[in-house]
Number of protein chains: 2
Amino acid sequence: MSKSNNVYKDAYNRGLRLLDETQSLPSEPELGTLLGVSRTTVRTILARMEETGLIAWNKRSKTVLRAPKPDDFFPEEETDTLAQIIERSFMRRLLAGGAEAGMQINELELAREIGVGTTSVREFLIRFSRFGLIEKRRNSHWVLKGFTRAFALELTEIREMFEIRSAAAFAALPQDSPVWADLDRLEDEHRLLASEIATRFNEFSELDERFHRLIHRASHNRFIVDFYDVIAMIFHYHYQWNKAQERERNEVAVGEHLAYIAALKSRDLGKVDAACRKHLKSARNTLLTSIPEIGRIAS
Amino acid sequence: MSKSNNVYKDAYNRGLRLLDETQSLPSEPELGTLLGVSRTTVRTILARMEETGLIAWNKRSKTVLRAPKPDDFFPEEETDTLAQIIERSFMRRLLAGGAEAGMQINELELAREIGVGTTSVREFLIRFSRFGLIEKRRNSHWVLKGFTRAFALELTEIREMFEIRSAAAFAALPQDSPVWADLDRLEDEHRLLASEIATRFNEFSELDERFHRLIHRASHNRFIVDFYDVIAMIFHYHYQWNKAQERERNEVAVGEHLAYIAALKSRDLGKVDAACRKHLKSARNTLLTSIPEIGRIAS
DNA sequence: CAAATGTTTTTTCCCGATAAAAGACATTAT
DNA sequence: ATAATGTCTTTTATCGGGAAAAAACATTTG
């Protein structure tokens, strides 16, 4: 079997959406950049589009013959990367209870259960190890360190150090830096979301990530920027399993973001620091309350 | 070929050193913990020791017959992990000039050149990526980011944040914490090294790492502790290729460490902060001067 | 009967092979 | 002559297999 053609399938699906917009497709290299794949894959896509009667393809002319129907698309689950499949599977097991700290992780068993080769599982675990949730015993198994309160505290400690520093760097950026325009755009999106929070509260998570990444990027430090991957990953799954008071939480967070944005725009370092800390504190609390731990002291 | 028996060979060599000390070896499980390998490997080792007439082995009795000779040992290069071999090879290419930023890294070529399978190279690159020196293009090659001045500055920025915080946490540790004894021991080793610096200056690097790791551990934050791996790795190779004024540099550093240790023992946060910053500043300068970059402004 | 040894099973580590995807080179069209 | 298409080559992603090492189970020994 060796390799699934999910890159092709995913690009094909995205390619189908282009058909709605034009009567004829652009050149192969252009399509390649548009879809983020090589020409080889573009040609495979075009070949199938021709086969299913979506386009007439002759050299440079790629005329759209009909609009795509729902069943022209490949099923979503066939467009996932193996890495995504393994990650989801792994996180489900991790969060579906019974995943106590100290538990050992078995590559072979995981691979069999997910139905993939051991190599992919190994690679996943190596990549995943940087999240600080698992640890390798040399020549032996991995050990689960557990999604504990300690983990959340260690994670947020770093996050706070990094973000406070990034926010300060952000505020110190010159007026002509393009980030200010990005910030304006994000502010608009926040206002829009705030006004429709009742129905769109679940879109906050994605906006949240974009906002914080913008700030972290101002640090111009790859380690800080990269660390946001850890945060994003944890919060991503956190949002998935802890839906309690999601609307209220997000509403509060949007408000905090707007205050934070205003502080940044004021370029007053004191205000920035205060707004940033306030938001990070409530983000930390949200995360902490989602981790039930025996004998935990209320904060 | 599939898997080399370097674990066995390395443990065997270490096992040989035990023969000098006693007339009879302990039980198999005990040897296992001692050498950090499983009983299976212990038994393979014992079998060979018996074969080469080093011991007489009968069930529980493992009598030493003779002292090991130099050629009883396996050659050093056969005791390395594949990961170590790849790392060394990779770093050599990286530092042996001609490794400019933006250059692309070819898994297959690397594997062929080192004489290993692609899987091992892939796994190495994934693990190595956390050092911030390479980056993956999805479904494509890795890109070298280069050991640049910017890299060194980003690295040291984080190091300074983390270590200053760790040092403060260290100083705040209760008197009965075992770390104070560890610190005393390290202090003695520093004094000893200082007195024999003329001949033993090259032993500093190892002492340096132990000292800083002890401090970082006081943070009780896995991300801080783990980050020291990045620093250690960079400094390790840095020491290998930049021998200019090594003795002087190390002599200065030992002095700074002693002042730093004294500050920690005083438990005066102001002093700790000052000593820590002073040392980190000179460590940064040492690193920076080793990175020749065109158009660089003298600091 | 607890701890060691003896034996068997399972897992990790690593390679080679293969399809998907990318990339390079050759040819053609505007 | 530039940019596209057509074709061929190389590289990446992934699997299955096999030896090394670990771990589990069974038996013996003090």
Side-chain angles (χ1 to χ4, degrees), chain A residues 1-11 26-32 35-47 57-62 81-83 85-86 104-112 115-126 136-142, chain B residues 1-11 26-32 35-47 57-62 81-83 85-86 104-112 115-126 136-142:
Chain A
M1 201 200 316
S2 69
K3 196 180 181 181
S4 91
N5 54 355
N6 67 81
V7 173
Y8 153 65
K9 286 178 176 171
D10 180 56
S27 77
E28 294 173 11
E30 215 167 321
L31 277 168
L35 299 172
V37 294
S38 74
R39 251 189 74 218
T40 309
T41 306
V42 168
R43 299 186 111 241
T44 322
I45 291 169
L46 290 173
W57 181 27
N58 187 276
K59 310 216 164 158
R60 304 193 178 203
S61 97
K62 314 175 191 71
T81 318
L82 237 205
I85 294 168
I86 297 174
Q104 70 186 58
I105 298 160
N106 189 317
E107 287 177 8
L108 202 60
E109 191 190 314
L110 253 179
R112 270 194 301 247
V116 298
T118 46
T119 314
S120 316
V121 170
R122 278 174 68 77
E123 286 183 8
F124 165 76
L125 291 171
I126 295 169
K136 177 100 179 110
R137 290 286 133 84
R138 200 183 108 101
N139 272 310
S140 181
H141 54 261
W142 290 83
Chain B
M1 202 201 315
S2 68
K3 195 181 181 181
S4 91
N5 54 353
N6 68 81
V7 172
Y8 152 66
K9 286 177 177 171
D10 180 55
S27 77
E28 293 173 11
E30 216 167 321
L31 277 168
L35 299 172
V37 294
S38 74
R39 252 190 72 218
T40 309
T41 305
V42 168
R43 299 188 111 241
T44 322
I45 291 170
L46 290 173
W57 181 25
N58 187 275
K59 311 215 166 158
R60 306 195 177 201
S61 98
K62 311 174 193 73
T81 318
L82 238 206
I85 294 169
I86 298 174
Q104 68 186 60
I105 297 161
N106 189 316
E107 287 176 9
L108 202 60
E109 192 188 313
L110 253 178
R112 271 195 299 248
V116 298
T118 46
T119 314
S120 318
V121 170
R122 279 173 68 78
E123 287 182 7
F124 165 76
L125 291 172
I126 294 169
K136 178 101 179 109
R137 292 284 134 84
R138 200 184 108 101
N139 270 310
S140 181
H141 55 261
W142 291 82

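Keep in mind the model is a prediction, meaning the values are calculated, not measured. Each chain gets a letter, A, B and so on, in the order the sequences are listed, and its residues count up from 1.
Toward the 5' end of DNA chain C, the nearer of the two residues B/S2 and B/R43, judged by each one's closest nucleotide, is B/R43. Sequence order on DNA chain D of the closest nucleotides to B/N106 and A/T118 puts B/N106 first from the 5' end.
Chain A approaches DNA chain C within less than 4.0 angstrom (heavy atoms of the protein), and the contacting nucleotides run 5' to 3' from C/dT11 to C/dA29.
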inquiry  = Walk me through whether A/K62 and A/L46 qualify under side chain to side chain contact (heavy atoms under 4.5 Å, CB included).
reply    = CA-CA 8 Å; A/K62 314 175 191 71; A/L46 290 173; 3.8 Å; yes
message = Let's go through B/R138 and A/T81 carefully: what are the C-alpha distance in whole Å and the side-chain angles of both, what is the deciding distance for side chain to side chain contact (heavy atoms under 4.5 Å, CB included) to 0.1 Å, and is it a yes or a no?
response = CA-CA 11 Å; B/R138 200 184 108 101; A/T81 318; 3.8 Å; yes
task = May I have the step-by-step check of side chain to side chain contact (heavy atoms under 4.5 Å, CB included) for A/L82 and A/K3, ending in yes or no?
result = CA-CA 9 Å; A/L82 237 205; A/K3 196 180 181 181; over 6 Å; no
request  = I would like to know whether B/L110 and B/N106 meet side chain to side chain contact (heavy atoms under 4.5 Å, CB included); could you show each step before the answer?
outcome  = CA-CA 6 Å; B/L110 253 178; B/N106 189 316; over 6 Å; no
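Separating the CD1 atom of B/I126 from the P atom of D/dT14 is a distance of 10 Å, rounded to the nearest angstrom. We find that CZ of A/R112 is positioned 15 Å from C1' of D/dC15, with the value rounded to whole Å. Rounded to a whole Å, the CG atom of A/L46 is 14 Å from the P atom of D/dA4. Between A/E107 atom CD and D/dA20 atom P there is a gap of 19 Å when expressed in whole angstrom units. A straight line from CZ of A/F124 to P of D/dT14 spans 13 Å, rounded to a whole angstrom. Taking atom CZ on A/R122 and atom C1' on D/dA13, their separation rounds to 16 Å, with Å as the unit.
No contact: A/L31 has no heavy atom under 4.0 Å from any strand.
By the salt bridge (Lys or Arg N to Asp or Glu O under 4.0 Å) test, B/E30 is found to be paired with no residue, residues two or more places apart in sequence or in another chain being considered.
You'll find the side chain of B/L35 reaches within 4.5 Å of the side chain of B/I45, heavy atoms only.
Annotation: the span from B/E109 atom CD to B/Q104 atom CD amounts to 9.5 Å, rounded to 0.5 Å. Taken from CD1 in B/I85 to OG in B/S4, the straight-line distance is 7.0 Å, to the nearest 0.5 Å.
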ask   = Once each nucleotide of nucleotides 21-30 of chain D is scored for protein heavy atoms under 4.0 Å, what B/S/- sequence comes out, 5' to 3'?
value = SBBB----B-
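Judged by distance alone, the side chain of A/T44 and the main-chain N or O of A/T40 form a donor-acceptor pair under 3.5 Å.
When each of D/dT11, D/dC15, D/dT5 is scored by its nearest atom to the side-chain atoms of B/L108, the top-ranked nucleotide is D/dT11.
For B/K136, a side-chain nitrogen or oxygen approaches OP1 or OP2 of D/dA13 to under 4.0 Å.
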